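Accompanying notes for the structure given below.
Remember, predicted model here, so these are calculated numbers, not experimental data. Both counts, for ligands and for their atoms, begin at 1 and track the order of listing. What you see below is based on every heavy atom in this structure, not just the backbone, and it leaves out hydrogens, waters and symmetry mates.
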Amino acid sequence: MRGRQHGAELDAHVKRPNQLDRSFDYFHRDGTEMAWWSRDGGYWFVAGYDLVDRFARDHASFSSRHDFPTGATPYLGVMLPPSPIAAAPLELDPPQHTVLRSIMRSRFSSVSIRKLNPRIEQLTDRCLDRHIGAGRLDIYHDLIQMVCSTMVLELVGMPLELAAVLADAAQVEPTMSRKAEIAWGRLIEALVTAVEESRRAPGDNLMGDLCRSSADFITDKCIMEIAATLLLGGSTSPVKLLLDTFTYLGSHPSDRLLLARDKKLRRTAVEELLRVFSPTEIIARTATRDVAVGGEMIKAGDRVVLGFGAANRDSRVFACPNDMKFDRKPNPHLAMGRGIHHCLGAALGRAEAATILDRTLARIPDFRLVSDTDNSRPRMDSLIIEF
Ligand code: HEM
């Protein structure tokens, strides 16, 4: 028996939709910091803010390394269940991780992203111009996915025509659809071609930066893994955040009007939306050594799941954690992670969310949801509004 055991109660919790009513009170009401879950090979689910924060910073004890599917080591990367393809830099430890972050940092810095703001605004306005006259908008396909996919394709240095393919490839939850499989096939072909071309003539983009590097571990395969991680990260996390946001605003009209009227409030609101919806709700690690926590012992080789979403509802850190407070300050949420793997695309994700929210609410302050998305996580394929 490994410490506190949880089964049905945790299951029921995990199946609840990720909206405001997903309170995580189950973990926090009795101060539960972490619990052993025997499903999926067994893992420690870490829910307490302080512990998630501590483990996320301690990359030496909690590794992100991915050796799956060789089975030669217990290192299964950060996905649950483990992904068959390694994601880089997400599933690397130092020293390779440090080398990659130093090559990639400047393109994703706040300064670089500020320079991209006019481009995000232009893309958003263009999408709105195209559809606003119809009085109806599929906010997923025609706006959010289009803007976020185009931005990440441009940064990486891939053809922009792939934006629609990327939207299909992002449909991987809960299982990969046939459409997503076909899209992944096309994306991989496009990545092979892009790496070949970039090796011949490296451009002024992220793929060019990687091709110019002399580090031997940055092989063509590694570049493809990095590009795929960026394309997927860039076209799923901000998209999930905005889908949850527009679903929420569609069903909370007074909050929508509040945000539509107050531009300053929209700045802090993005942080609160990140906290409440936590698009990357969990991320896994593998323990590299035995770690004693309270009365429990995490053994070397154990899987440890960091509950960023649960930590963001910990009442020891956030007063009334299940309430949406757009002016919450301070708001030290963990939605973008902590430590060396802190989200590389954080500035881009925030800029996209802020701009899409600003521009859409300025032009469509009043709308109603047409899709059947009342109070559950929106499906990642459509969110229709009418106005
Ligand atoms: C609302 C938007 C976003 C959220 C909530 C989010 C969330 C996260 C989180 C929680 C992590 C930490 C993972 C860990 O600790 O293992 C992470 C890492 C990462 N994110 Fe994001 N992300 C967002 C946007 C983006 C965007 C727009 C991109 C790229 C275009 C991106 C690319 C990455 C990459 C490459 C990593 C790995 C960093 C590393 O391992 O050093 N993310 N993200």
At less than 4.0 angstrom from any non-hydrogen atom of [X], what atoms of ligand 1 do you find?
{"X": "His97", "value": "39 (C), 40 (O), 41 (O)"}
{"X": "Pro279", "value": "5 (C)"}
{"X": "Ile340", "value": "41 (O)"}
{"X": "Val152", "value": "30 (C)"}
{"X": "Gly337", "value": "10 (C)"}

Nearest to [atom], what protein heavy atom do you find, and at what distance?
{"atom": "atom 3 (C) of ligand 1", "answer": "Ser237 CB, 3.3 Å"}
{"atom": "atom 38 (C) of ligand 1", "answer": "Arg101 NH1, 3.3 Å"}
{"atom": "atom 24 (C) of ligand 1", "answer": "Cys343 SG, 3.7 Å"}
{"atom": "atom 34 (C) of ligand 1", "answer": "Leu344 CB, 4.0 Å"}
{"atom": "atom 5 (C) of ligand 1", "answer": "Ala335 O, 3.5 Å"}
{"atom": "atom 35 (C) of ligand 1", "answer": "Leu230 CD2, 3.7 Å"}
{"atom": "atom 32 (C) of ligand 1", "answer": "Gly345 N, 3.9 Å"}
{"atom": "atom 13 (C) of ligand 1", "answer": "Leu90 CD1, 3.7 Å"}

What part of [X], side chain from CB on, backbone N/CA/C/O, both or neither, has a heavy atom under 4.0 Å from ligand 1?
{"X": "Ile283", "answer": "side chain"}
{"X": "Arg285", "answer": "side chain"}
{"X": "Met151", "answer": "neither"}

*For the residue pair Tyr49 and Phe318, categorise the inter-ring angle as parallel (less than 30°), tilted (30 to 60°) or perpendicular (more than 60°).*
perpendicular

Has the side chain of [X] got a donor or acceptor atom that lies under 3.5 Å from a matching backbone atom of [Y]?
{"X": "Glu91", "Y": "Val78", "result": "yes"}
{"X": "Thr355", "Y": "Glu352", "result": "no"}
{"X": "Ser251", "Y": "Thr247", "result": "yes"}
{"X": "Thr229", "Y": "Ala88", "result": "yes"}
{"X": "Trp37", "Y": "Tyr43", "result": "no"}
{"X": "Asp366", "Y": "Phe387", "result": "no"}

*Does Arg256 count as lying over the ring of Phe367, i.e. NZ or CZ under 6.0 Å from the six-ring centre, within 45 degrees of the axis?*
yes

*Decide whether a cation-pi geometry holds between Arg285 and Phe55; the criteria are a distance under 6.0 Å from NZ or CZ to the six-membered ring centre and an angle within 45° of the ring axis.*
no

Give every donor-acceptor pair under 3.5 Å between a side-chain atom in residues 189-196 and any protein atom, sequence neighbours left out.
| residue | atom | partner | partner atom | Å |
| --- | --- | --- | --- | --- |
| Thr193 | OG1 | Glu189 | O | 3.0 |

Touching ligand 1 at all, [X]? Heavy atoms, strictly under 4.0 Å?
{"X": "Leu334", "value": "no"}
{"X": "Ala56", "value": "no"}
{"X": "Leu274", "value": "yes"}
{"X": "Arg338", "value": "no"}

*Residues two or more places apart in sequence or in another chain: which of them pass side-chain contact (heavy atoms from CB on, under 4.5 Å) with Leu265?*
Leu258, Leu259, Asp262, Thr268, Phe326, Asp327

*Between the candidates Ser278, Gly309, Cys148, Pro238, which shows the shortest non-hydrogen contact distance to atom 2 (C) of ligand 1?*
Pro238

When only distance counts, is [X] in polar contact with ligand 1, meaning an N/O pair under 3.5 Å?
{"X": "Thr229", "result": "no"}
{"X": "Thr280", "result": "no"}
{"X": "His341", "result": "yes"}

*May I ask you to check whether over 12 heavy atoms, not counting those of Arg186, lie within 6.0 Å of atom CZ?*
no

*Counting heavy atoms not belonging to Asp204, are there more than 12 under 6.0 Å from its CG?*
no

*Compute the ring centroids of Phe246 and Tyr140, then answer whether they are less than 6.0 Å apart.*
no

